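What follows is a single structure, written as structure tokens, with notes after it.
Values below: every heavy atom of this structure, side chains too, minus hydrogens, waters and symmetry copies. Here the structure is a predicted model, which is why all the values come from computation and not from measurement. Labels below follow one simple rule: chain letters A, B, ... track the order of the sequence lines, proteins then strands, and each chain is numbered from 1.
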Amino acid sequence: MLDIHLIRENKKQMETALLKKIDTVNLDEIIAVDDERKRLIVETDELKAKRNEVSSLIPKMKKEGRDVTGLLEEMKGVSDKIKTLDIRLSDTKLKMKSLLEVLPNIPDDDVLSGGKKNNEIIRVSGSKPDFPFKPKDHIELATSLKLIDYERGVKMGGNGFWLYRGDGAVLEWALLNYFIEEHLKDGYEFILPPHVLIYECGYTAGQFPKFEGDVFHLEPEEGKRFSQFLLPTSETALINYHRDEIIPEDELPKKYFAYTPCYRREAGSYRAQERGMIRGHQFNKVEMFQFTTPETSGDALEQLMTKAENLVRGLGLHYQVSKLAAADCSFSMAKTYDIEVWIPSMNEYKEVSSSSNARDYQARRGNIRFRRKSTGKNEFIHSLNASGLATSRLLPAIIEQFQKEDGTVLVPEVLKKWLKKDVLGK
RNA sequence: GGAGAGGUGUCCGAGUGGCCGAAGGAGGCGGUCUUGAAAACCGUUGUGGGGAAACUCACCGGGGGUUCGAAUCCCUCCCUCUCCGCCA
């Protein structure tokens, strides 16, 4: 959620910033509704002040034995007027909220405008493997090595699901263990959150109301008004850990990480070239998260990105890091770095990690604040999230990049302690 | 699923329809004392809206109602806890 005061005071700059991300902006409408809100406040406040004054007078007059019936009659009229105006005021506030909540976060100054094609590659690590044979794609490898069962996955979950089996399951779990171990080493607190969340969680994260269609909703329980949904990423859970809380300043930064599967409808986004495990309705991810003070969130983002990068490098994969252009950053985020691994069969780099700074955008939506020691005042915290990492895309990268001519795959050094073997397929 | 209890400020906790934005305590901040710290003592300290300001309005889980006037009474919804039942 953007700050209405900022919008009023820096309309031009805000519009320019938003246009880096979205095609059309109309802040005048919001400001006009806000004007109406202020006008109504003044009007009702005057009436309420009168009501309060007279109401405190009445018991005194009664004590003096004076007649108050005329006054009571008059006040009844005032009360009715207040009631009518209050309804209009709350309607106006609702309208404000509905206009504000669909505005995305404003990009940081150093974020370029436009979409994907304006993403800036800031670093490349390693190089594309040069196969002296015709490399296989991960679907063929994963199937022949009995790591993944696509057909049975679909038989159980329908289109867009797969299942891990044998060494495939062990490899997937080894990746998760590797990440968990690293995050624990860095002092992050491990969270295993609920996978089923309430509406408010999606709202705070910035997914709702705009992207409600992207998640799996559960049928509302009998008699319940609100349905729950399956989390599309553990970020949605973690941002809500401190929702409606006030954190003492000296407890910041709060550093968490979580493992959950991520459930996504991804309606209509299937493409022939994204077969296999590049895009599915369920994938595993370890997610890092930080709550920080406003002045430290910039550094925290670099920290998170570096952590994610170290994990990919630790696996020995060829990857690149990009700073995303404004329109490619997600709705709630001011700045995002992506780490993309090389998928030989697709001749493309695919995202395995996204590190983002939401600044105070999510904090406003979820009313998450900290108490600043020097002033004693409550301020919105900054929130950051970073995948560390998404495994469903790492596994294809690993088996494709590390495949041998005989169809076997070398196990990355850091995973050997869990896999207990050097080569898959032997 | 059945029965009961409860949701108040940064936290804990009191609150007869007007004297309640709200006792008391803890915590924070400032000070006295101390070589320093602790303890003790004194003072101070809610959030948000409107306004240049004076000031004013709202907020005691959410929404409605009764009333000239609601933290307090009524309705309704949500949530939490305890006990019983069922269950991995």
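No hydrogens or angles were tested; on distance alone, nothing pairs the side chain of A:N378 with the base of B:G46 as donor and acceptor under 3.5 Å.
The CD1-C1' distance, from A:I82 to B:A58, rounds to 12 Å in whole Å. Look at CE on A:M96: it is 13 Å from C1' on B:G50, rounded to the nearest Å. In this structure, A:M75 places its CE atom 7 Å from C1' of B:C68, rounding to the nearest Å. For the pair A:R372 CZ and B:G28 P, the computed distance is 19 Å after rounding to whole Å. Distance, A:K76 NZ to B:G65 P: 14 Å, rounded to whole Å. As a whole-Å value, the separation of A:K83 NZ from B:A58 C1' is 17 Å.
Between A:R369 and the phosphate of B:U47, there is no side-chain N or O to OP1/OP2 separation shorter than 4.0 Å. A sub-4.0 Å separation between OP1 or OP2 of B:G48 and a side-chain N or O of A:H5 is absent. In this model, the phosphate group of B:U56 is not approached by any side-chain N or O of A:N52 to a distance below 4.0 Å at OP1 or OP2. At B:G51, one or more side-chain N or O atoms of A:K38 fall inside 4.0 Å of OP1 or OP2 (strictly under the cut-off). OP1 or OP2 of B:A58 has at least one side-chain nitrogen or oxygen of A:R51 nearer than 4.0 Å.
Base contact: A:K62 has a heavy atom under 4.0 Å from a base atom. Among the heavy atoms of the strands lying under 4.0 Å from A:I246 are primed sugar atoms or P, OP1, OP2 only; no base atom is included. Contact annotation for A:V54: no contact, since no heavy-atom pair falls under 4.0 Å across all strands.
Annotation: B:G31 and B:C12 have their P atoms spaced 29 Å apart (nearest Å). The gap from the P atom of B:G27 to that of B:C11 amounts to 15 Å, rounded to the nearest Å. Between B:G64 and B:U72, the distance separating the two P atoms is 14 Å to the nearest Å. Comparing B:G62 with B:A70, their P atoms are spaced 16 Å from each other, to the whole Å. Nucleotides B:G13 and B:C68 are separated by 37 Å at their P atoms, to the nearest Å.
Under 3.5 Å, the side chains of A:E200 and A:N240 contain no donor-acceptor pair of N or O atoms. No hydrogens or angles considered: nothing links the side chains of A:E140 and A:Q403 as a donor-acceptor pair under 3.5 Å.
Remark on RNA chain B: of its neighbouring residues A:S79 and A:E53, the 5'-side contact belongs to A:E53, judged by nearest-heavy-atom nucleotide. Between A:S90 and A:K377, the one whose closest nucleotide on RNA chain B sits nearer the 5' end is A:K377.
Sorted by first and then second residue, the salt bridge (Lys or Arg N to Asp or Glu O under 4.0 Å) pairs with a member in residues 144-160 of chain A read A:D149-A:R152; sequence neighbours excluded.
Side-chain contact check for A:M333 versus A:L324: every heavy-atom pair is 4.5 Å or farther apart.
By the neighbour-count criterion of 12 heavy atoms within 6.0 Å, atom NZ of A:K95 is sparsely surrounded, having that number or fewer from other residues, nucleotides or ligands.
With hydrogens and angles disregarded, no donor-acceptor distance shorter than 3.5 Å links the side chain of A:D338 to the backbone of A:E340.
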